[in-house]
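Along the sequence shown, residues carry numbers from 1.
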Amino acid sequence: MCGIIGIIGHSCVNQAIYDGLTVLQHRGQDAAGMMTCDGGRLQLRKDNGLVRDVFQERHMMRLRGNMGIGHVRYPTAGCSSSAEAQPFYVNSPWGIALAHNGNLTNAAALKADVFREDRRHINTNSDSETLLNVFAHELTTSDKLNLEPTDVFRAVGNVHKRAKGAYAVVALIPNFGIVAFRDPFGIRPLVIGRRQSEQGVEYMAASESVAIDALGFELLRDVAPGEAVVFDVHGGFHAQQCAEAPQLSPCIFEHVYFARPDSIIDGISVYKARLRMGETLAKKILRVWPDHDIDVVIPIPDTSRTSALQLANRLGVLYREGFIKNRYIGRTFIMPGQTQRKKSVRQKLNPIELEFRGKNVLLVDDSIVRGTTSEQIIQMSRDAGANKVYFASAAPPVRYPNVYGIDMPASSELIGSGRDEEAIAALIGADRLIYQDLDDLVGAVLHKSASEVVEFEASVFNGKYVTGDVTRDYLQALEDARNDGAKQITEAAGGVNLDLHNVR
């Protein structure tokens, strides 16, 4: 999960990209980067850290130009090396910078092909750099001196034939414009917007519509799966379907957890989807536990608030804010190392005792991944005086690893893997545990929607990988690279990435 943005305008875009990246900060807190183009001259700044820390005034002064791209990153294989911060750049042909959200499932074979067949060198272990070089190579097959949108569309079409997995991309080409494209399944989100300035029309692409809104652009639409969009330096807008058999199968976990509630993804309001998740979860509780003794519903901030509020309303019980959150602690499940995760939960949340003392409490979270956070929060609730502590998840059990750009842990570290609800409840210390059913989750997200979603990418829940190329060997390699032991080795090595993609 990363955040990307690309803007082309009639004045300096560095501040707009900075603001957009800040709005997308929830999608990645490991590193940030920006590249701008001023009269053919490129300027780059990227490093580990939050947006506010990476870009200082001296950097912004250099990031001149009326078009640029930006990226916020979190590691998909436990790496925190600044060498893999984005955007990446190659100087041939024409010079291309690229920022990518997602993960290539055939990165190992593709990296080898780039070296053997394309004669290109990959300097990092990032599949994003591999994707950039594939795109650049496909553009070199044109013998034109001046690049045209049709050349880009042909190149993207060839990228689709070679690259497998999830990728939402923004790319910058000097003296040409901004290119945005999405994989043929549309797994990771990408939207485009337009703004009318005094000088003319300006365009942007971003991971979520909230960035479009925040910068005063009008949301045009989502980039379709397999589609490429070009914003050229002359103010032109060009779009073309570049995949042979596109199928919209977006990641449903965006609606569960990643996306901001004020975003609209593939025509679906994240906020309304989460309201309906709470509604369907309440219906399940009333169906399987009609004589419940819940006194109060308390959300685990922040992403579960919307669902928890609707759940409480449907159950007819009190809704209370029982935890105060420290805003300066990052998302815990993407932190490498169990020790750091355990420490951060206690630093991040503090209970309000009067909301717990002597009550039967239903805690609501968006999902349960490892279960370590849930276990600590339940214990915190008991320490605050709760009589009984029940736990509800707005999503089904997470049983399988994600291969499309989410740094979920190895299967062996997923508490839902190979366990039923009673076993999970016992491990996290809950008096009772209620999970959302997958059919209800899908129905809640799609409810009366005009979206063209064919099916959701829900592999973390059902083990079905929509790209059809995920093998047992690949999953085992993922397991070896993502388990906490591997991450601790990575940290001890000073952030050198374990090369998942070298495993055949």
Side-chain angles (χ1 to χ4, degrees), residues 3-25 32-45 51-52 54-72 87 94-99 146-150 152-153 168-181 189-224 227-240 260 262-264:
I4 60 176
I5 187 171
I7 301 178
I8 186 165
H10 297 280
S11 58
C12 198
V13 297
N14 56 359
Q15 186 64 52
I17 293 175
Y18 177 95
D19 293 341
L21 291 178
T22 302
V23 171
L24 296 174
Q25 185 74 84
M34 183 193 312
M35 177 168 274
T36 59
C37 183
D38 183 18
R41 182 180 293 272
L42 295 170
Q43 301 287 349
L44 173 66
R45 166 62 182 169
V51 174
R52 68 184 182 213
V54 170
F55 301 105
Q56 303 298 318
E57 183 178 357
R58 66 183 185 276
H59 306 126
M60 297 294 285
M61 292 294 291
R62 292 199 304 267
L63 290 165
R64 296 294 183 181
N66 69 336
M67 65 176 177
I69 60 175
H71 187 269
V72 287
W94 295 289
I96 305 170
L98 179 144
N146 296 314
L147 190 63
E148 297 180 5
T150 53
V152 171
F153 297 144
V169 170
V170 289
L172 182 157
I173 305 175
N175 303 312
F176 176 74
I178 300 288
V179 180
F181 60 92
L190 188 61
V191 296
I192 51 178
R194 176 179 59 196
R195 180 174 67 185
Q196 183 68 47
S197 70
E198 293 181 358
Q199 295 84 10
V201 179
E202 301 176 325
Y203 292 99
M204 73 173 289
S207 291
E208 293 185 35
S209 65
V210 65
I212 304 282
D213 300 336
L215 296 181
F217 281 70
E218 171 196 0
L219 177 64
L220 292 179
R221 59 179 176 84
D222 297 85
V223 176
E227 183 183 31
V229 173
V230 172
F231 313 136
D232 70 38
V233 293
H234 305 295
F237 175 93
H238 315 269
Q240 183 172 304
R260 274 183 38 159
D262 44 347
S263 284
I264 297 174

Open item on the list: Looking at Q25 and V51, would you say the former's side chain and the latter's main chain have a donor-acceptor pair under 3.5 Å?
Closed with: yes

TODO: Report the C-alpha separation of D213 and D262 in whole Å, then their side-chain angles, then the decisive distance to 0.1 Å, and conclude whether the side chain to side chain contact (heavy atoms under 4.5 Å, CB included) test is met.
DONE: CA-CA 9 Å; D213 300 336; D262 44 347; over 6 Å; no

Task: Set of residues satisfying ring-ring contact (aromatic ring centres under 6.0 Å, His included) with respect to F231, sequence neighbours excluded - done: Y203, F237

Open item on the list: Quick check: do V191 and E208 have side-chain heavy atoms less than 4.5 Å from each other?
Closed with: no

Task: Heavy-atom check, side chain of I212 versus side chain of M204, under 4.5 Å - done: yes

TODO: List the atom of A205, the atom of L190, and the distance in Å for their closest heavy-atom pair.
DONE: CB-CD1, 4.4 Å

Task: Spacing of R64 atom CZ and L42 atom CG [to the nearest 0.5 Å] - done: 16.0 Å

- [ ] Calculate, to the nearest 0.5 Å, the distance between atoms CE and CD1 belonging to M67 and I7 respectively.
- [x] 13.0 Å

- [ ] Output the distance between atom CG (D222) and atom OG (S209), rounded to the nearest 0.5 Å.
- [x] 8.0 Å

TODO: May I have all residue pairs that pass side-chain hydrogen bond (donor to acceptor under 3.5 Å, both in side chains) and include part of residues 229-238, sequence neighbours excluded?
DONE: D232-H238

- [ ] Return the minimal non-hydrogen interatomic distance between M34 and Y18, and the atom names on each side.
- [x] CE-N, 3.8 Å

Task: I5 vs V23, side chain to side chain contact (heavy atoms under 4.5 Å, CB included): CA-CA, chis, key distance, verdict - done: CA-CA 11 Å; I5 187 171; V23 171; over 6 Å; no

Open item on the list: Working to the nearest 0.5 angstrom, can you tell me the gap between F55 CZ and R62 CZ?
Closed with: 11.0 Å

Task: Residue list, side chain to side chain contact (heavy atoms under 4.5 Å, CB included) with V54, at least two apart or on another chain - done: A32, R45, D47

Open item on the list: Does any part of the side chain of V152, heavy atoms only, come nearer than 4.5 Å to the side chain of F181, both counted from C-beta?
Closed with: no

Open item on the list: Quick check: closest heavy atoms across G177 and I8, and the distance to 0.1 Å?
Closed with: CA-CD1, 4.1 Å

Open item on the list: Taking G65's backbone N and O only, do any of them form a donor-acceptor pair with T36's side chain (distance below 3.5 Å, no angle check)?
Closed with: no

Open item on the list: To the nearest 0.5 Å, what is the distance between CE on M35 and CG on N14?
Closed with: 14.0 Å

TODO: Would you confirm whether H10, through its side chain, and V201, through its main-chain N or O, come within 3.5 Å as a donor-acceptor pair?
DONE: yes

Open item on the list: Show the nearest heavy-atom pair for residues G20 and A211, with the distance to one decimal.
Closed with: O-CB, 4.4 Å

Open item on the list: With a 6.0 Å cut-off (strictly less than), is the heavy-atom count around CZ of R41, excluding the residue itself, greater than 12?
Closed with: no

Open item on the list: As an exercise, state the distance from SG of C37 to CG of N175, rounded to the nearest 0.5 Å.
Closed with: 6.0 Å

TODO: Check A239 against V229 and note the closest heavy-atom contact, atom names and distance.
DONE: CB-CG2, 4.1 Å

Open item on the list: Please give me the minimum heavy-atom distance between R52 and Q56, naming the atom from each residue.
Closed with: O-NE2, 3.4 Å

TODO: Kindly indicate whether the side chain of I4, heavy atoms from C-beta on, has any atom under 4.5 Å from the side chain of I69.
DONE: no

